[in-house]
Amino acid sequence: MTTMLQEPPDVAVSAKLIIRNLNIFYGAFHAMKNASLDVPANNVTAFIGPSGCGKSTFIRALNRMHDLTPGARVEGEVLLDGEDIYAPSIDPVTIRHRIGMVFQRPNPFPKTIFENVVYGPRIHGIGGRAQLAEICERSLKRAALWDEVKDRLDRSALELSGGQQQRLCIARCLAVDPEVILMDEPASALDPIATSKIEDLINDLKKEYSVVIVTHSMQQAARISDLTAFFLMGELVEVGTTSQVFTKPEDKRTEDYITGRYG
Amino acid sequence: MATRAVDVVAATTIPKPKSMAAQTALVRIWTTGTAIICGALVLLMLLFLFAFAWPAIKYNGWTMLTSIYWNIGDQYATGTTVHNGVAAQPGANFGSLVFIYGTLMTSILAMLGAVPLSLLVAFALVYRIPARIRPGVNALVELMAGVPSVVYGLWGVVVLVPFIGQQLAPFVTSHLSGVPFVGGAAGSGNGLFASAVILALMVTPIMVATMRDVMLAQSKALYEASVALGSTSWQAVTRVVVPSVRNGVFASVLLAFGRALGETMAVLMVCGAAANEFPSNIFQTVNTIAAIIVSQLESASTDASGIAQRSLAELALILFVITLTINIIARLIMRGTDRLGKSNA
Ligand SMILES: Nc1ncnc2c1ncn2[C@@H]1O[C@H](COP(=O)(O)OP(=O)(O)OP(=O)(O)O)[C@@H](O)[C@H]1O
Ligand SMILES: [Mg+2]
């Protein structure tokens, strides 16, 4: 265990998300044990760890997706700009407006490309066609998809390739103009070329957003992230700058994982 | 050089595309063949029914569709009446309007209850029930779908009909006496309402199972995607989930409706076997095409002129045409909503 975790955060100014003593249960199963972590603004934070260690469980707590999982329970604090997103007075819907999420498998709506991108803005009450068109173009450009789809915005999103669909989902997420973007293995279903496009994109996104990404690939974490958090069996074992975690990990278990001893 | 290599590879594999083409051709022949055989079977069945029913169709004319009286005629009379060149016992009149009405009303009423219920249960199964107890509920649904209809019918006779006749109908009719379809005589418990309840119970598990599969297949990821974009649960359901499952749900409803229209045994046991009059409210007795065919089979076989049996075949033909028509209309509606979303199916 790293020691910094339980102390009051004096780095709060630059921390976008502050997670304290997070415990997550599925029924009686304790899936995340007392994890604490700071997510700095304008950085990429990567979550690594073996399958089933709780990476998705953790990241889904950051925009209250567990509200949708019957039987799931979250305890602890998740502060967004100092405000607890689990406070009773907070509407989870407004939280998800500020913290967007991209999923492992591309999940475009069975609608047109245009309607996919402007779905969020529409939900939040933007109705003007010109304004929506502007948002659509800006988001697709931001997601590096515009050139490939600008002539077929009114075609079904399901006609796109997997990699294009995933970038569409990122564009759809950006269209809501979130402050934090959570990505749960966004490239695991994609080929190397599509993956490298997504990685370039993530590198670009951190200029404006705070990005949290779950990845199975340590190379990917090393390539794109500034911070890395290592999870094992429902525990946040270690968190630090990516170079530190990969070159001189503090915990023996991290070292074993990095050097491939967990397979 | 690279193209050269590709050429060589292509040259060595020339026979392969050929045999693959042969395979695709075979698959095509196989699938179109199956489709043709299925279509031909349906057509043959229709033709057979039509040919067998032909004398009845000639004898009955439009009476079949416009009259409410079903009477196989005086079986002890010496002479016969002849109409349109077809002989029948004196007094014979084959009108099916009561049965058509009963068939449609029991099924529609059943679907009015069963569709919302099934949607709710399927939704709960996919989105609301913890993963731990889901298999148990699923098994229960499958079990209910497999219960033979005669068991539902028997439960209807023993439990449902007495409850309606002694408790529900007297209560409802006395409190809502002026309301059409509901007020009026309470009846015995057998009838339109009992039939609809039984049918609803029978088709609900089928619909839940198919709707659940449709929702699981595509909509859960979309639901999460929508919520993650800051939509409310309701917005996610109405804007994304419902459109994405609409066709599948519609198909499931259709399947269930067809099943309800044709259900025989359970309805026969609780419908009260009405004849020659329409029910004055939902607690009065009815009859359906499927039920009347079974219940009339024996007396029809004693009909000296044989026309009663052929009229039953004409009834079957009518039921067939009703289900076919509903299917075709539904398919046309679905084609209209099918434009988006199917391209990666
Ligand atoms: N809805 C659920 N109900 C019950 N248990 C769950 C649920 N979701 C996850 N779990 C359990 O919680 C643990 C952590 O799962 P999680 O999906 O967070 O792992 P992960 O690190 O994301 O794994 P992967 O790399 O395979 O995606 C696992 O043991 C898993 O079986
Ligand atoms: Mg995961």
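The figures here come from the full heavy-atom set of this structure, side chains too, leaving out hydrogens, waters and symmetry mates. Residue numbers begin at 1 in each chain, while the letters A, B, ... track the order of the sequences.
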- Query: Are a donor atom and an acceptor atom from the side chains of B:Tyr127 and B:Ser233 found within less than 3.5 Å of each other?
  - Reply: no
- Grab the two heavy atoms, one from A:Arg64 and one from A:Ile90, that are nearest each other, plus how far apart they are. NH1-O, 3.7 Å
- Task: Counting only heavy atoms closer than 4.5 Å, note whether A:Pro178 contacts chain B via side chain, backbone, both or neither.
- Result: neither
- Query: Looking at A:Glu185 and A:Arg105, does any basic side-chain N land under 4.0 Å from a carboxylate oxygen?
  - Reply: no
- Task: Please determine, by modelled atom types, if A:Ser56 and A:Asp184 share a side-chain donor-acceptor pair under 3.5 angstrom.
- Result: yes
- Note on the structure: For A:Asn43, the side-chain hydrogen bond (donor to acceptor under 3.5 Å, both in side chains) test, sequence neighbours excluded, returns none
- Note on the structure: So, the part of B:Ser226 with a heavy atom under 4.5 Å from chain A: the answer is both
- Heavy-atom contact with chain B under 4.5 Å, split by part of A:Ile99: backbone
- For A:Tyr119, is it the side chain, the backbone, both, or neither that has a heavy atom closer than 4.5 Å to a heavy atom of chain B? side chain
- Item | Residue selection (most heavy-atom pairs with chain B, distance under 4.5 Å) from A:Val176, A:Leu68, A:Asn63 | A:Leu68
